[in-house]
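Structure first, then comments.
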Amino acid sequence: MGWVLRLVGTGIDGQCRSFDVMEINRPEGLGDIVNLGLTLAEAKQLLARVQQDVVAAQADNHAVLRPNCQSCGGRCHVKDWRRHRIATLFGEVRVRLPRFLCAGCGCAETGVTWPSHCRSTPELDGLQARLSALMTYRVAADVLVHLLPIDAGKSPETLRGHTLQVGERLGSAAAVQPAAAASAITVSLDSTFIRGREEGERHLEVRVGNVETAGGGRQVFAAVTKSSTDITALIRRNLQTVGRTDDAEVTAFTDGCPGLRSVLADAGVTKPPILDWFHIAMRLQHATRAAGGLSTDEPGRAQAKAVIVAEVDRLRWRIWNGKATNAQRSIDRIRKAMHVFRGEHGHRTTGVPSRKLWHALHEVDGYLCSQSNWLVNYAKRYRAGLRVGTSVTEGTANFLVNRRMNKSQQMRWSRRGADLLLQVRCAVYNGTLGSGFGHTFQPYAVPEPVFSRAP
Ligand SMILES: [Zn+2]
């Protein structure tokens, strides 16, 4: 059995024009499931042909329109024709577009608001960017070509180019106007590393964070250091997007890095940031684990281990309850009890527990000394239902950076490429690449030309 698929155009002049798009043939009966319905190949062919016919009709329609001159308002006439090849989601299309000349003043008009270098539709660029943000350029290119009748601009290099362009536009986009003002905002800032491509830049530092409101508003942001993205402007914009007002209370969290603190200060976060509990807890966890591994091969050691385990626990309690000034007492007590472990034998692979404990304590001690100004009473905050840390940010770093950019050890990044891809990834995560995508694609401040029909 067979069908002819026909596209019927209903013009404004009341005339109908129809095009036979394609023939579809199937064997009689449903003996074999592979014959059920359309195949992917047919669907791609169908989309490509409908696209060709629709675009051809649009071009014909456009060709009879004449813009009014933007200088004198006079009628324009056709000067010459230009051929354009445009890549679309449904295949490459070719259109012949007139360029116009004003009969009155001689001004030239293009008749379209497209930039003259335009080679693809925003929708194609947008989908390429979205997929490239989630998977490697090569895989994204394969997926697109597999599913859609894309026949131009399908190389991974093209996808990379388009994605970075989208990233650039996102970087210069204005803040989205918030629906509601936020009185309390939490901002967290952290850093992570990716592998650099250039010699002498083996590691690129990525700053990543998020802003959150009590009402559930959330935005993530990221930027590679020393790239064109200004992290302080980015934070300001994100605060604005979630509805920061002049009297909003902004609470910041960071790890101990002074660089991150100054970024927050520059971004207008006036209250000193709180040291993230996550970072303290991680260091305490090392100490707890090392204490738990101490040997109990002699009665003296068993006794000392019990004291140490209890004291490490107390150390955690002290810091959690904002009594970090007393933490030194716990550390001293533990060190004093450790002498009985001198000469302790370690496991072949995991090392000597007492030596690990010593190192872990040294870490905690050093961290507390350098960060004492940024510690708070975490227990009190926690009981009040306030945030004590940003394990969320760790998740954010993982989503934004590691999952796309660190997974494969062979992946190396240029500063610009990594930074712009991150802008796209953030937009995907924030949901601003989909609905708000249109406005990032109209950076050309050219008014739509006014047309009248040619006689
Ligand atoms: Zn004119």
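Numbering of ligands and ligand atoms starts at 1, following listing order. From a predicted model like this one, the values you see are computed outputs, not experimental measurements.
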In residues 31-41, what donor-acceptor pairs under 3.5 Å come from side-chain atoms, sequence neighbours left out?
from	atom 1	to	atom 2	distance (Å)
Asp32	OD1	Val34	N	3.2
Thr39	OG1	Glu42	N	3.1
Thr39	OG1	Glu42	OE1	3.3

About how large, to 10 degrees, is the angle SG of Cys72, then the Zn ion (ligand 1), then SG of Cys102?
-> 100°
Of the backbone and side-chain N, O or S atoms of Cys105, does one lie nearer to the Zn ion (ligand 1) than 2.8 Å?
-> yes
Verify, without hydrogens or angle tests, whether Asp20 (side chain) and Arg6 (backbone) share a donor-acceptor contact under 3.5 angstrom.
-> no
State whether Cys69 contributes an N/O/S atom found under 2.8 Å from the Zn ion (ligand 1).
-> yes
Name the orientation class of the two ring planes belonging to Trp320 and Tyr378 (parallel below 30°, tilted from 30 to 60°, perpendicular beyond 60°).
-> parallel
Should Glu92 and Arg119 count as an ion pair when the cut-off is N to O under 4.0 Å?
-> no
